[in-house]
Amino acid sequence: MADGGNSKYRVAVASSDGIMVDRHYGRADRFFIYSVDDDEGFDVYEERDVTPVCMDGSHVRSVMEESVRRFSDCRYVVAVRIGVAAAQALTAAGIVGMELPGSVEDAIVRVWKYNRIQGLFQ
């Protein structure tokens, strides 16, 4: 049985086409936002254009924090790679960052499994 508070959430996916997780968090200029219902499945909620935060391997803290705020409505952010600074900023905001290269569908299933397991401990 799913925990009612955890069964519906959003996942931001760094993807160029909505099919493959193929972008680094800091270099992505678009994220597909998926609405997930643990009991019903998932659907694309929106495509969100963002300004990439990675500048030749360095980051401006205020720009990174603003980037993370763009995902404040998401519980998870998925990318092919998430750098240390971005991972720390996401965690500080209560967002779980996951490196899950491959298909978006496989990534969402992995997030779903993770979310279900986390719900067992609440």
Side-chain angles (χ1 to χ4, degrees):
M1 176 187 279
D3 180 289
N6 286 328
S7 66
K8 294 180 182 179
Y9 48 93
R10 291 190 184 134
V11 179
V13 179
S15 175
S16 63
D17 59 8
I19 297 169
M20 298 300 293
V21 179
D22 59 1
R23 295 287 189 246
H24 181 287
Y25 175 85
R27 294 185 188 115
D29 59 358
R30 178 189 314 160
F31 283 78
F32 286 78
I33 310 300
Y34 292 87
S35 178
V36 180
D37 182 321
D38 281 348
D39 299 320
E40 303 279 329
F42 67 95
D43 289 307
V44 174
Y45 175 73
E46 70 179 3
E47 289 182 40
R48 193 172 294 175
D49 292 327
V50 299
T51 301
V53 296
C54 188
M55 295 174 274
D56 297 324
S58 65
H59 309 90
V60 175
R61 183 179 180 152
S62 61
V63 175
M64 181 66 74
E65 290 171 353
E66 177 58 32
S67 171
V68 169
R69 277 193 290 278
R70 301 250 323 139
F71 302 109
S72 63
D73 61 329
C74 299
R75 187 178 298 168
Y76 301 97
V77 170
V78 174
V80 74
R81 176 92 173 95
I82 301 174
V84 174
Q88 289 172 342
L90 289 166
T91 299
I95 301 168
V96 177
M98 298 180 156
E99 294 180 351
L100 299 172
S103 75
V104 168
E105 186 171 347
D106 286 346
I108 297 289
V109 168
R110 290 168 140 190
V111 169
W112 173 80
K113 287 178 182 178
Y114 176 86
N115 193 67
R116 297 289 287 213
I117 290 168
Q118 294 306 303
L120 296 174
F121 299 103
Q122 296 179 358

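Note that this is a predicted model, so its numbers are computed, not measured. All residue numbers refer to positions in the sequence shown, counting from 1.
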Within one Ile-Leu-Val-Met-Phe-Trp-Tyr cluster: [X] and [Y], side-chain cutoff 4.5 Å:
X	Y	value
Met64	Ile82	yes
Val13	Val44	yes
Val109	Val36	no

Please tell me if the side chains of [X] and [Y] come closer than 4.5 Å, counting only heavy atoms from C-beta onward.
X	Y	answer
Phe42	Trp112	no
Tyr9	Val111	yes
Phe32	Ile19	no
Val21	Met98	no
Glu66	Arg69	yes

OH-CG distance between Tyr45 and Asp73, expressed to the nearest 0.5 angstrom: 6.5 Å

Chi angles and distances behind the side chain to side chain contact (heavy atoms under 4.5 Å, CB included) call for Asn115, Arg75: CA-CA 10 Å; Asn115 193 67; Arg75 187 178 298 168; 3.0 Å; yes

Taking atom CZ as the centre, does Arg48 end up with more than 12 heavy-atom neighbours from other residues, nucleotides or ligands that are less than 6.0 angstrom away? yes

I'd like to know whether CD of Glu46 has more than 12 heavy-atom contacts from other residues, nucleotides or ligands below 6.0 angstrom. yes

State, to 0.1 Å, how close [X] and [Y] come at their nearest heavy-atom pair, and which atoms those are.
X	Y	result
Ile95	Phe71	CD1-O, 3.3 Å
Val68	Ala89	CG2-CB, 3.6 Å
Phe31	Val78	CE2-O, 4.5 Å
Val50	Arg70	CG1-NE, 3.7 Å
Gly18	Val104	O-CG2, 3.6 Å
Ile33	Ala12	CD1-CB, 3.5 Å

Audit row: Asp17, Arg30, salt bridge (Lys or Arg N to Asp or Glu O under 4.0 Å) steps and yes/no: CA-CA 9 Å; Asp17 59 8; Arg30 178 189 314 160; over 6 Å; no

Can a side-chain donor-acceptor contact be found between Asp22 and Ser16 if the only test is distance below 3.5 angstrom? yes

If only atom types and distance count, is the side chain of Ser15 paired as donor or acceptor with the main-chain N or O of Met20 below 3.5 Å? yes

